[in-house]
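So the structure is just underneath, and the comments pick up after that.
Atom set for the values below is all heavy atoms of this structure, side chains included, hydrogens, waters and symmetry mates excluded. We name chains A, B, ... by the order of the sequence lines, and we start the count at 1 in each one. Predicted model only: the values in this text are computed from it and were never measured.
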Amino acid sequence: MDALTKELTPPQRDAVTHIDGPLLILAGPGSGKTRVVTHRVANMLGHGVSPFQIAALTFTNKAADEMRARVDKLAPGQPVWMGTFHRFCAQRLRRYASFVGLKENYSIYDSSDSKQAMKRAIAAAGISTTHCSPDQIASSISKAKNRLATPEMMEGHALSPQDAIAAKVYPVYQQQLLTANAVDFDDLLLHIARLLRENPEVRGELDSKYKYIMVDEYQDTNLAQYAIVRALSIDHPNLAVTGDPDQSIYGWRGADVNNILDFEKDYPNVKTVRLEKNYRSTPNILRAADELIRHNQKRKQKELFTDIPEGDPVVLRMYEDGYKEADGIVDDIADKIAGGQYKANDFAIFCRMNALTRSLEHAFRSRALPYQIVGGVEFYQRREIKDLLAYLHLINNPNHDVAFHRVINTPTRGIGAKTIERIRDHADHHRIPMLEAARHAQSIDGLAKRAKTMIGKFITIYDRISKRATSSLEDLIRYVVEETAYEDYVEKTATEQQDANPMANVDEFITATVEFDRQHPDDGSLDLFLEQVALVADTDKFDSETERVTLMTLHAAKGLEFPCVYIIGVEDDLIPHSRSKSTESEFEEERRLLFVGITRAMQNLQLSVCKRRAVRGDIRPVIPSPFLNELPLGEIKRIEAATSYDYFDDEFGDELNQDSYPESWDLPGENDPESGSGDDDIVLEKSVVTSFVDDVSQVAPPPPKAKPKPKPLLSGLKTGSDLLSGGVTPVTAYQEGVTVRHPDHGEGTIVNVTGRGPKRTAKVQFEDGEHSFRLAYAKLELVGKM
DNA sequence: ATGGGGCAGCTTTTT
DNA sequence: GCTGCCCCAT
């Protein structure tokens, strides 16, 4: 084993040679964590641990694949279990399905499936979505599941209004999943966690089957994952976890950093190893990361250091707008590649939101530079693929209601919304799957004769296809396409603009099934294929080999490294995201997110800010991220955008120049009474902003004295009241609960108000029902508050 | 019942 | 700027 450990540093060796008992590896970025983990597996195998007793759990398939590849180099062909938490649970659940009321051929609903199911459950529960969107309800339920809360548990508690509504939907949703013999992503964890808790025999069985458990990115575990790992490490507490509290970026979906912070309390006699030395980044980059992360209050102090010689300074660059930013970066990359020092796959561009990749994509295309977007529109989400997959799902699991719903009238066969609704009601009433209900179509009241015939036809087709369930996937899918005349349908209904050739997608899908058949000559069940498809994420498609530039979100970047990194949109409301800065802990998570991004860079790092950015359509001025002030600005190379009056005038016109000149270059708090309300902890300090302002003010008109109007669109807006009375009623007077009068409908109460600008719309409850009005045009007179 | 057009809402991040 | 929904005309 000397060969295995001799090239390791002392702390790395400590971790690698530790076999029995709990082990905590606190690994800073670039500290050789994967190397340690993989060597450790090899070392265990070398010391006689059976590969079947080891399970290594990750969060992404990408991480699991990487680990497998590297273990395989050290110890070829060993059947150590490596995969994601979700896959681990999915496989256990196949075996123990009956324990939680499922059958072994259960289906995994992907997020769009769950969304459909959620809507149906909301309707069935008789809940109005006026005050709470399906997405909000879904998120409440998801969080409850991550906390291992059952419907009953959720019911009894004091809850926020949103949670209270969700608590009513939760049991209905869950019942419908059970009827459909299906689970959502959260259920995979929840079912296993509960199974382990409620069934000591199963727990003991699995605990001794997997005597050695390893968890990667332990700082991202949620309560369900914690409980699972814990339950599997009671009789054999050989649990090794690795992680970095500073890289905890999944709090928003229930991850709890305390799991790693309290690990030493949870597991007595734990061996703790700290890997702090960085083998990845230049000192410049590391200092930037370090100074930034030091600003987090809730944090364990940690040193980041390296032997790597001093490199190029970190660059902080300002661009006019998102397009200039994209062009500038792509040009920069093209230059560096032309210089011969770098290849395209040495570069990565990170952003906070997927939406920001759009302008970049454009720039890459126009320059014919190869790129890949990790996590864009997913192949398996395309319509054709979802349709065919739905057939496969329904064949594999006839109870799969979401698939039934998708397939029953695809291709169109004269079964409309009303018919489907009747089938659904019948199914709900008898608590049976929809396909079964459809088989009883004859006895469903109110179904038109025609509808009954059409349903019968569908059932015939379905049964015929089903008979092929056990042939190869390729056969099956080709048979489905043929029997349903899917090609005719898809050609006929193709929307010209986006998909020129939808059948190409179908062909690609068939190719994927051929590959699956080839890889699974014996065990290639439909089940396995569908599970595989359900559990691959967009981010798994990252490919570091081919020469292209990588575009991805900061979240997706974790665990990777690139010689040259660009982080775009380091702006307020982006990092930190506008929806993640209301609490201190959200804010600190955003800081960690930027920390993760920075620490991906090996040699070159550029952060960029725009003066203005197009946010869903309209152009808005930008405030630089407060995090920029937390960087070692003295040693950072700042490049400002060159600006001219002409440019500004062209873009904004006079009104905007005076009225809403980018408030970004104002110091928040100075002449901006509303800023800081509610988030006092977030104060943008002067340094960065002033330096930018100084520069900008040489070329652009000075900032206005008055507070700029945040939404110029509203200023010229006539309200309904204006039209009637000539008085000036601000649109803001129209609020939920306000009573209004309409010439046709009489008096009514505003139920809710949505939208902005000219789209701003009020929904009003009158005696004769609900009506919606655009506030800009409606003849609504204010009567008063209720 | 179908398909198109228009409209509302929204977009953080992922298994 | 895109998607999913609703309503309308066929």
Side-chain angles (χ1 to χ4, degrees), chain A residues 57-64 83-90 108-112 114-116 119 129 133-136 139 142 145-146 183-189 217 220-222 224-225 249-255 350-356 358-359 374-375 377-378 381 383 409 411-420 448 450-451 454 492-493 495 497-498 531 533-540 552-558 569 573-581 586 589-590 592-593 596-597 614-618 752-761 763 772 774:
Chain A
L57 301 169
T58 63
F59 280 84
T60 62
N61 293 298
K62 182 177 69 189
T84 63
F85 265 102
H86 287 83
R87 193 180 293 280
F88 181 82
C89 291
I108 301 168
Y109 277 4
D110 69 20
S111 12
S112 69
S114 324
K115 198 173 169 185
Q116 292 305 118
K119 282 182 189 156
T129 50
S133 72
D135 282 339
Q136 290 173 313
S139 135
S142 173
K145 286 183 173 182
N146 288 334
V183 300
D184 63 20
F185 285 135
D186 299 317
D187 281 340
L188 288 169
L189 304 174
E217 309 281 11
D220 288 331
T221 49
N222 60 32
Q225 287 155 334
I249 53 175
Y250 286 102
W252 53 273
R253 65 173 203 208
F350 303 148
C351 53
R352 181 62 232 266
M353 298 188 282
N354 277 315
L356 292 185
R358 203 161 292 136
S359 51
V374 178
V377 181
E378 223 226 304
Q381 292 298 333
R383 184 185 63 131
N409 200 32
T412 48
R413 42 176 80 90
I415 301 174
K418 258 275 132 0
T419 307
I420 296 174
R450 203 181 105 88
M454 293 317 215
K492 206 170 60 198
T493 57
T495 46
Q497 68 228 9
Q498 28 171 287
E531 177 183 306
V533 169
L535 296 179
V536 294
D538 323 353
T539 41
D540 296 334
M552 56 168 69
T553 63
L554 287 161
H555 281 89
K558 196 167 65 166
D573 285 350
L574 237 34
I575 322 177
H577 193 272
S578 54
R579 284 168 63 162
S580 294
K581 48 192 233 184
E586 283 176 334
E589 181 157 310
E590 294 290 308
R592 290 194 292 269
L593 194 53
V596 166
V615 183
R616 51 183 120 113
D618 51 23
N752 74 342
V753 183
T754 52
R756 287 182 288 108
K759 280 188 189 170
R760 194 160 174 83
T761 304
K763 195 184 278 179
S772 289
R774 292 280 186 92

Quick one: label [X] by what it contacts on the DNA or RNA (base, sugar-phosphate, nothing), any heavy atom closer than 4.0 Å.
{"X": "A:Thr412", "answer": "sugar-phosphate"}
{"X": "A:Lys119", "answer": "sugar-phosphate"}
{"X": "A:Asn409", "answer": "sugar-phosphate"}
{"X": "A:Ser578", "answer": "nothing"}
{"X": "A:Phe85", "answer": "nothing"}

Could you measure the distance from the [atom1] atom of [X] to the [atom2] atom of [Y]? Nearest 0.5 Å is fine.
{"X": "A:Ser142", "Y": "A:Asp135", "atom1": "OG", "atom2": "CG", "value": "11.5 Å"}
{"X": "A:Ser114", "Y": "A:Ile108", "atom1": "OG", "atom2": "CD1", "value": "10.5 Å"}
{"X": "A:Phe59", "Y": "A:His86", "atom1": "CZ", "atom2": "NE2", "value": "9.0 Å"}

Looking at B:dT14 and A:Phe185: do their rings stack (centroid distance under 5.5 Å, interplanar angle under 30°)?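 Base of B:dT14: not stacked against A:Phe185.
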Whole angstroms only, please: what is the [atom1]-[atom2] distance between [X] and [N]?
{"X": "A:Gln136", "N": "B:dG9", "atom1": "CD", "atom2": "P", "value": "13 Å"}
{"X": "A:Asn354", "N": "B:dC10", "atom1": "CG", "atom2": "P", "value": "19 Å"}
{"X": "A:His577", "N": "B:dT13", "atom1": "NE2", "atom2": "C1'", "value": "9 Å"}

Can you tell which of [options] lies closest to the side chain of [X]?
{"X": "A:Arg579", "options": "B:dT14, B:dA1, B:dT11", "result": "B:dT11"}
{"X": "A:Arg358", "options": "B:dT2, C:dG1, B:dT14", "result": "C:dG1"}
{"X": "A:Arg253", "options": "B:dA1, B:dT13, B:dT14", "result": "B:dT14"}

Counting only side-chain N and O atoms of A:Ser580, is one of them less than 4.0 Å from OP1 or OP2 of B:dT13?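 Result: no.
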Is there a side-chain polar atom (N or O) of A:Thr419 under 4.0 Å from OP1 or OP2 of B:dA1?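 The answer is yes; a side-chain N or O of A:Thr419 sits under 4.0 Å from OP1 or OP2.
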May I ask you to decide whether A:Arg253 forms a salt bridge with A:Asp220, counting only side-chain N to carboxylate O separations under 4.0 Å?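 So A:Arg253 does not pair with A:Asp220 through a salt bridge.
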Starting at the 5' end of DNA chain B, which residue's closest nucleotide do you reach first, A:Tyr250 or A:Ser133?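 So the residue in question is A:Ser133.
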If each of A:Phe59 and A:Lys418 is mapped to the nucleotide of DNA chain B with the nearest heavy atom, which maps nearer the 5' terminus, i.e. the 5' end?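 In this pair, the answer is A:Lys418.
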Heavy-atom side-chain contact between A:Phe350 and A:Val596 under 4.5 Å: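 Not in contact.
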